[in-house]
Amino acid sequence: MKILVDKSAPFTHAPTSVQKTMATVLLALVPATLFNATLFGWPAVFMFLITLGSCLGAEAICLSWSNKPVLPTLFDGSAALTGWLLAMSLPPWAPWWIGVLGAVFAIFLAKQVFGGLGQNPFNPAMVGRVALLISFPVQMTAFIAPRPLFSSTAPGFIESLGITFAGRVDFDSISAASALGYVKTELSRGIPVSQSVPHLPDLMDIALGMHPGSFGETSALLILAGGLFLLARRVISWHIPTAVIGTLFVMGALFNAINPDRFTGGVFQVISGATFLGAFFIATDYVTSPVSKRGQLVYGCGIGLMTWIIRSFAGYPEGMAFAVLLMNALTPLIDHHIRPRPFGRTRKGEPLPLARGEK
Amino acid sequence: MKLFPIRGGIHPDYRKELTSEKPIVALPLPRLLYLPVQQHMGAPANITVQPGDQVKKGQVLAKGQGAVSAPIHAPTSGRIAEIANITAPHPSGLPQNTIILEPDGKDEWGDLPEPLADPFAATPQQIKDRVAGAGIVGMGGAAFPSAVKLGLGGSHKLEILLLNGAECEPYLTCDDRVMREYADQVVDGARIMAHALGTPRIVIAIERNKPQSLELIKKAAAAFANIDVADVPVQYPMGAERHLTQAVTGRETPARKLTADIGVVVHNVATARAVHQAVRFGRPLISRIVTVSGNAVREPKNIEVPLGTKVAELIDFCGGLAETPRRIISGGPMMGQPLPDLDVPVVKGTSGILALTAGEVNERPVQPCIRCGSCVSICPCGLVPVEMAAVIRHENMDAAVAWGVMDCVSCGSCSYICPSHIPLAQYFNYAKGRLNEQDRERRKRDLVKRLVEERAARLEKAAKAKREAAAARAAAQAAQAATAEANRVNP
Ligand code: SF4
Ligand code: SF4
């Protein structure tokens, strides 16, 4: 009997795998996705399926171009996750070509060009979203108020096909601003925050998702529940989400206290927009975030700070995607400079001084 | 007892229940025993017998040579059948010089050294010599000659003898059984070792998943005020020397120092029992307790095995294999060595023989690193395995050293946790091997360079001496000539 000795210890392995990790994240997104699909109706369902399918298709094409095994890699779940997150960050009634183009940007330009899974410096879903936002600002900000499936305001199945594939929709008549967008527009018209915020649906409705916004970011509470599920399953750790949300809250609360007419409050910053989706699902992307816990804190604070700055001062109402990409660029630097302290050494890497025991 | 946290680590599936309730059973004498001359760290032992010699149980067959080595004794009485090159229990599968002993079945003891009547009246040197003469090595798996470690009292100011009963490797229960069945011997051995080391305190550390061991050792140690029993948390690699020291004392051993430098010496519990046997009865180390386990084994057992028994006999004794194992391991699954087949002998450091099924080893194809950071959070040495592996893949050994690869204790936790199934620890072992090799080469080059330089200097010196002598001769001749000239001028 000859037994394999091609490998050295250990000869046991935790029940972990890339597939399992990705599947857990996808599972965590399911409740919010289902809720939003009902909320925004068939066009949103089509948009979601097209984006997801395009990402898988783009990945398969790239893999076969570079002669890599297609099926096993496709089943690692990473392309599905990218597609899913990209869809979550798009307007619910976006036309079909937005989803397809987003997939090309995300999978082809942001991921496969760099060598595929694990090699990409920037979060593919966010590259997709930002590239779309810059190229097609009108379509990418065409938000609508919720029209729950089967409700009287909801379009039927056939009508929805027209909306998604033939652009048969007049956004001018139905579009509505997201909470962040509304506050920003009002501010630019000289209306102080303290007067515009009371016009918004109340915070509880925003948290539940009953307001206009991107497909996945509106139901903050369900996203939060998914995030807590990931924490409980130890797929992510608390460091990044806490740092992102904490920083946003502190900046919001602080500046709101200083000038309530100009700045929205901490709770509003946290509940609105893509804060929870970004903090729990996007900023925590393994590939593009630092590997050490202290590094992750720095990275999370950076994202929170950049998001707040962009929301408060830049032309775009939402800044999460930009903030994530900016901090992605800093990840290698953070990883290089912030390392754990090695056993028996100082942070500088020198051996600890001998305190006792020498003769 | 106050304990201190250690960083990182993992909680693997321990699967100790396969053997933890199986009392130690003795293996019947096998037909042949195979005793490699190197069963320990350091220099191989020097064979002192010839084929055909009749030997008695406990008789020296090979003597230790040099400062770090250990002798080999006959596990039973019989005839030296042959001295040959036999496959050693090592993944390289390289043959090693091996004494083959054919037992005569009488199991007759030879002359043993006199027991030390009162070990606590003996000098540390006497105990050390006795331990060295008995061929005792670290039984936890490292197989470092114990006498050398018992000599640390001479060079260091020691405070604590830390007896390692953590047994943090999955499957293994041999230490657990030794503590449960021979608690008094373990405690006595520890006291003798503490006496040799000059440590006032003894701490016996046992992981909490061994409640019976904890209770029995506590009972055996109750009479001695200087012994504490610590119930350390179940956390791999709790049994690593530096980490156990930190868990018990809170002291962190500085990099590139020994635990002895901070006043602590760590010995294994089974080693303590062997010391007890050697000092109280003069018996050398000729057998050890081996855990035979894994789902591919029909009846997993804890067996007292004469050294030199082929692994195949152990497996037969356990009812044979239920299925073809995916891997056969000597030692624990986290840090053990893979065996190529069952045709290798049990040696002093063999704590376990595991026949593992594919389901148990859970191997999967390697996928690209997804930078999940799990390896970073669990590394008990505070290293960044993902970065180290990346630079080692590019053969950049200088960068690997800068990332701390030489501080890696090869515990395997990072490989264990990696969702992409990247064999990280294997990379680090490779890098350490390469670096040691480079180091040896550099030292060799330095030596050659020094020799060349010395030779050049010697030649230069000789040439200089020659030149000076020639110059002196010339000067003398010139002087002579001048005198002669002068004499001629002024007669
Ligand atoms: S555990 Fe594996 S996949 Fe995760 S960062 Fe480390 S090497 Fe990469
Ligand atoms: S094998 Fe080395 S790098 Fe990996 S966890 Fe253990 S000490 Fe850390």
Side-chain angles (χ1 to χ4, degrees), chain A residues 1-22 69 72-73 76 78 115-119 234-237 239 285-293 295-296 331 335-336 339-346 349-359, chain B residues 10 12-13 91 93 155-157 170 242 252-257 260-263 324-329 333-336 338-342 356 360-364 367-373 376-377 380-384 386-387 404 407 412 415-417 419-421 423 425-426 429:
Chain A
M1 184 173 59
K2 277 281 166 200
I3 308 284
L4 283 176
V5 285
D6 59 334
K7 173 178 180 286
S8 68
F11 298 101
T12 173
H13 198 283
T16 55
S17 70
V18 177
Q19 287 82 338
K20 213 172 192 169
T21 305
M22 298 290 171
T73 314
D76 69 22
S78 65
L117 180 61
Q119 307 295 315
R234 291 175 190 264
V235 170
I236 59 173
S237 67
H239 302 79
D285 170 42
Y286 287 155
V287 177
T288 54
S289 61
V291 289
S292 73
K293 296 285 175 251
Q296 290 173 358
T331 292
D335 267 343
H336 196 265
R339 309 179 186 184
R341 183 177 68 79
F343 190 98
R345 292 184 186 271
T346 61
E350 302 298 324
L352 290 177
L354 257 191
R356 48 169 80 242
E358 267 173 319
K359 220 181 218 180
Chain B
I10 51 170
D13 208 348
S155 52
H156 294 73
K157 189 176 167 327
R242 287 154 192 261
E252 188 171 325
T253 315
R256 281 185 274 149
K257 296 280 181 202
D261 290 314
I262 54 168
T324 307
R326 169 79 186 166
R327 302 274 178 188
I328 296 188
I329 314 299
M334 291 303 297
M335 293 184 71
L339 295 180
D341 52 36
L342 303 178
L356 304 177
E360 288 174 286
V361 293
N362 186 17
E363 288 167 15
R364 274 164 167 271
Q367 284 178 286
C369 166
I370 54 170
R371 293 179 36 89
C372 68
V376 185
S377 10
C381 295
L383 303 176
V384 187
V386 42
E387 302 284 356
D407 288 349
S415 305
Y416 171 85
I417 208 80
S420 293
H421 285 244
Q426 194 163 323
N429 291 338

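A note on names: the letters A, B, ... follow the listed sequences, proteins ahead of strands, and every chain is numbered from 1. For the numbers below, each heavy atom of this structure counts, side chains included, while hydrogens, waters and symmetry mates do not.
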Q: Indicate yes or no: at least one non-hydrogen side-chain atom of A:P340 is less than 4.5 angstrom from one of B:V376.
A: yes
**Q.** Among the listed options B:V386, B:I10, B:I370, B:N429, the residue most often paired with chain A at heavy-atom distances under 4.5 Å
**A.** B:I370
Q: Select one option (side chain, backbone, both, neither) describing which atoms of A:P72 are under 4.5 Å from chain B's heavy atoms.
A: neither
Q. Which one, A:S17, A:S78, A:P15, A:G349, leads in non-hydrogen pairs under 4.5 Å with chain B?
A. A:S17
Q) So which of A:G118, A:S237, A:G295 has the largest heavy-atom pair count under 4.5 angstrom toward chain B? A) A:G118
Q: Side chain from CB out, backbone as N, CA, C, O: work out which of these in A:T21 comes under 4.5 Å of a heavy atom of chain B, or both, or neither.
A: side chain
Q) Of the backbone (N, CA, C, O) and the side chain (C-beta and beyond), which part of A:T73 lies under 4.5 Å from a heavy atom of chain B, both, or neither? A) neither
Q) Is it the backbone or the side chain of B:C369 that comes under 4.5 Å from a heavy atom of chain A, or both, or neither? A) backbone
(Q) Looking only at heavy atoms and a cut-off of under 4.5 Å, which of A:R339, A:K20, A:Q119, A:K293 has the most pairs with chain B? (A) A:R339
Q) Taking every heavy-atom pair that is under 4.5 Å apart, which of A:D335, A:V235, A:T288, A:T346 has the most such pairs with chain B? A) A:D335
Q.
Report which part of B:E360 has an atom under 4.5 Å of a heavy atom belonging to chain A: side chain, backbone, both, or neither.
A. backbone
Q. Should B:M334 and A:T12 be marked as a side-chain contact (heavy atoms from CB on, under 4.5 Å) after you check the CA-CA gap, both sets of side-chain angles, and the distance that decides it?
A. CA-CA 7 Å; B:M334 291 303 297; A:T12 173; 3.6 Å; yes
Q: Could you go through the side-chain contact (heavy atoms from CB on, under 4.5 Å) check for A:L354 and B:I262 one step at a time?
A: CA-CA 7 Å; A:L354 257 191; B:I262 54 168; 3.9 Å; yes
(Q) If I compare all heavy atoms of B:P368 with all of A:L117, which pair ends up nearest, and what's the gap? (A) CB-O, 3.6 Å
Q: Kindly give the heavy-atom pair with the smallest separation between A:R345 and B:E252, and that separation in Å.
A: N-OE2, 4.0 Å
Q) For B:I329, is it the side chain, the backbone, both or neither that has a heavy atom under 4.5 Å from a heavy atom of chain A? A) side chain
Q. Do you know which of B:C381, B:G373, B:G412 has the most heavy-atom pairs with chain A at a distance under 4.5 angstrom?
A. B:C381
Q: Step by step, work out the side-chain contact (heavy atoms from CB on, under 4.5 Å) result for B:R327 and A:K7.
A: CA-CA 10 Å; B:R327 302 274 178 188; A:K7 173 178 180 286; 3.7 Å; yes
Q. Would you say A:H13's side chain and B:S415's backbone share a donor-acceptor pair under 3.5 angstrom?
A. yes
Q. For A:D285, is it the side chain, the backbone, both, or neither that has a heavy atom closer than 4.5 Å to a heavy atom of chain B?
A. neither
